[in-house]
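Beneath this line is the structure, given in C-alpha cells, with notes to follow.
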Amino acid sequence: MSKLPRSPVFFTGANFYLDLKLDGSSDVVDAVFLECQGFNYSQDVIEFSEVTSGRWGKANKGKFVQTKLPGNAKSGNLTLLRGMTSSMALWNWFELVEDGNWAKQRKNALLTIYDDGKPQARFELTAAWPTRYKFSDVKSNSQQLEIEEVEVAYEGFKRVKI
C-alpha cells in the first residue's frame with residue numbers, strides 16, 4: 001500500500017501565541033506575545049549588464065545580456081505586542097541597551113509560534129536588541145487590556161526545525 005503525502009496544515013490566527021527565549025537567559029520563556037508584526041527578511045538583487053561575443057540577429061556586434069544575482073540579505077524590525085504583565089524582563093533588556101551596554105545585550109533569540117500549546121513554527125533571530133519600548137495609554141475607567149510593545153532589531157533571521 002502506498003503512503004499518501006501528508007496534506008499541509010495552514011495556520012490561522014485563532015488560539016495562537018508567540019514566545020521569545022533569549023540566549024543566556026535563565027528563564028524558561030522571557031516573554032509571551034499576542035501579536036507580532038514585521039516578519040521581514042529579504043535579499044537585494046544585483047543587476048549587471050554585459051555584451052557577449054554572441055551575435056544578435058544580423059548585427060555585427062555582440063549580444064546584450066542582463067544578469068540578476070543575489071545581493072546582501074537584510075531584515076526589518078519585529079514589533080511584538082502583549083498584554084502588560086508584572087515581568088520586567090523586556091524593560092530591563094531595553095534599559096541595558098540604553099545604558100551603553102549594547103554589545104553584550106545583542107542576543108540570539110528563538111521566537112516560537114504555538115497553536116493550542118503545541119509549537120508549530122520557530123524562527124531564530126541573530127544579534128537581536130530592543131530599539132523601542134512602548135505601552136498603551138492608561139485610563140483608570142477602561143476595561144481594556146494594557147498593551148506592552150517592544151520593537152526588536154536583528155541581523156539574521158531564519159526558520160528552523162522544531
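Asp19 contributes atom CG, which lies 11.5 Å from atom CZ of Arg82 (distance to the nearest 0.5 angstrom). Interatomic distance, OH of Tyr41 versus CG of Leu125, reported as 10.5 Å (0.5 Å rounding). To the nearest 0.5 Å, atom CG of residue Asp99 and atom CG of residue Asn92 are 10.5 Å apart. The CZ atom of Phe94 sits 10.0 Å away from the CD atom of Glu151 when rounded to the nearest 0.5 Å. To the nearest 0.5 Å, the span separating OG1 on Thr112 from CG on Leu20 amounts to 8.5 Å. In this structure, the separation between CG on Leu18 and OH on Tyr114 is 9.5 Å, given to the nearest 0.5 Å.
A donor-acceptor contact shorter than 3.5 Å is absent between the side chain of Thr131 and the backbone of Ala153. Of the possible polar contacts, one joining the Asn108 side chain to the Ala127 backbone as a donor-acceptor pair under 3.5 Å is found.
Both Trp91 and Leu78 belong to a single network of hydrophobic side chains, linked directly or stepwise wherever heavy atoms of I, L, V, M, F, W or Y lie under 4.5 Å apart. Clustering ILVMFWY residues whenever any of their side-chain heavy atoms sit less than 4.5 angstrom apart, transitively, puts Ile113 in the very cluster that holds Phe157. Leu22 is not connected to Leu96 by any chain of hydrophobic side-chain contacts under 4.5 Å among Ile, Leu, Val, Met, Phe, Trp and Tyr, and they are in different clusters. Residue Val51 is not grouped with residue Leu69 when hydrophobic side chains (ILVMFWY) are merged at heavy-atom distances under 4.5 angstrom, including chains of intermediate members.
Checked options Leu80, Leu81, Asn77; the residue passing with Gln37 is Leu81 (criterion: side-chain contact (heavy atoms from CB on, under 4.5 Å)).
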Show your reasoning for whether side-chain contact (heavy atoms from CB on, under 4.5 Å) applies to Val150 and Phe33.
CA-CA 10 Å; Val150 64; Phe33 298 95; 4.3 Å; yes

Could you check Ser42 against Lys74 for side-chain contact (heavy atoms from CB on, under 4.5 Å), going step by step and ending with a plain yes or no?
CA-CA 5 Å; Ser42 62; Lys74 59 185 174 183; 3.7 Å; yes

Report the C-alpha distance between Lys161 and Arg122 in whole Å, list the side-chain angles of each, state the deciding distance to 0.1 Å, and finish with yes or no for side-chain contact (heavy atoms from CB on, under 4.5 Å).
CA-CA 7 Å; Lys161 284 185 101 173; Arg122 182 167 289 145; over 6 Å; no

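No side-chain heavy atom of Trp129 sits less than 4.5 Å from a side-chain heavy atom of Gln105. In this structure, Leu90 and Pro130 have side chains that are not in contact, with every pair of non-hydrogen atoms separated by 4.5 Å or more. Side-chain contact check for Glu149 versus Arg132: some heavy-atom pair is nearer than 4.5 Å. Trp93 has its side chain out of reach of Glu95: every pair of non-hydrogen atoms, C-beta onward, lies at least 4.5 Å apart. Taking 4.5 Å as the limit, every side-chain heavy atom of Cys36 sits out of range of all side-chain heavy atoms of Thr79. Glu124 has its side chain out of reach of Leu111: every pair of non-hydrogen atoms, C-beta onward, lies at least 4.5 Å apart.
Inspection of the Gln120 and Asp115 side chains reveals no N or O donor paired with an N or O acceptor under 3.5 Å. Side chain to side chain, Glu148 and Tyr133 meet the donor-acceptor criterion of an N or O pair below 3.5 Å.
Around CH2 of Trp102, the count of heavy atoms belonging to other residues, nucleotides or ligands within 6.0 Å does not exceed 12. Other residues, nucleotides and ligands contribute only 12 or fewer heavy atoms inside 6.0 Å of the CZ atom of Phe135.
Across Phe123 and Ala121, no two heavy atoms sit closer than the pair CE1-CB, 4.1 Å.
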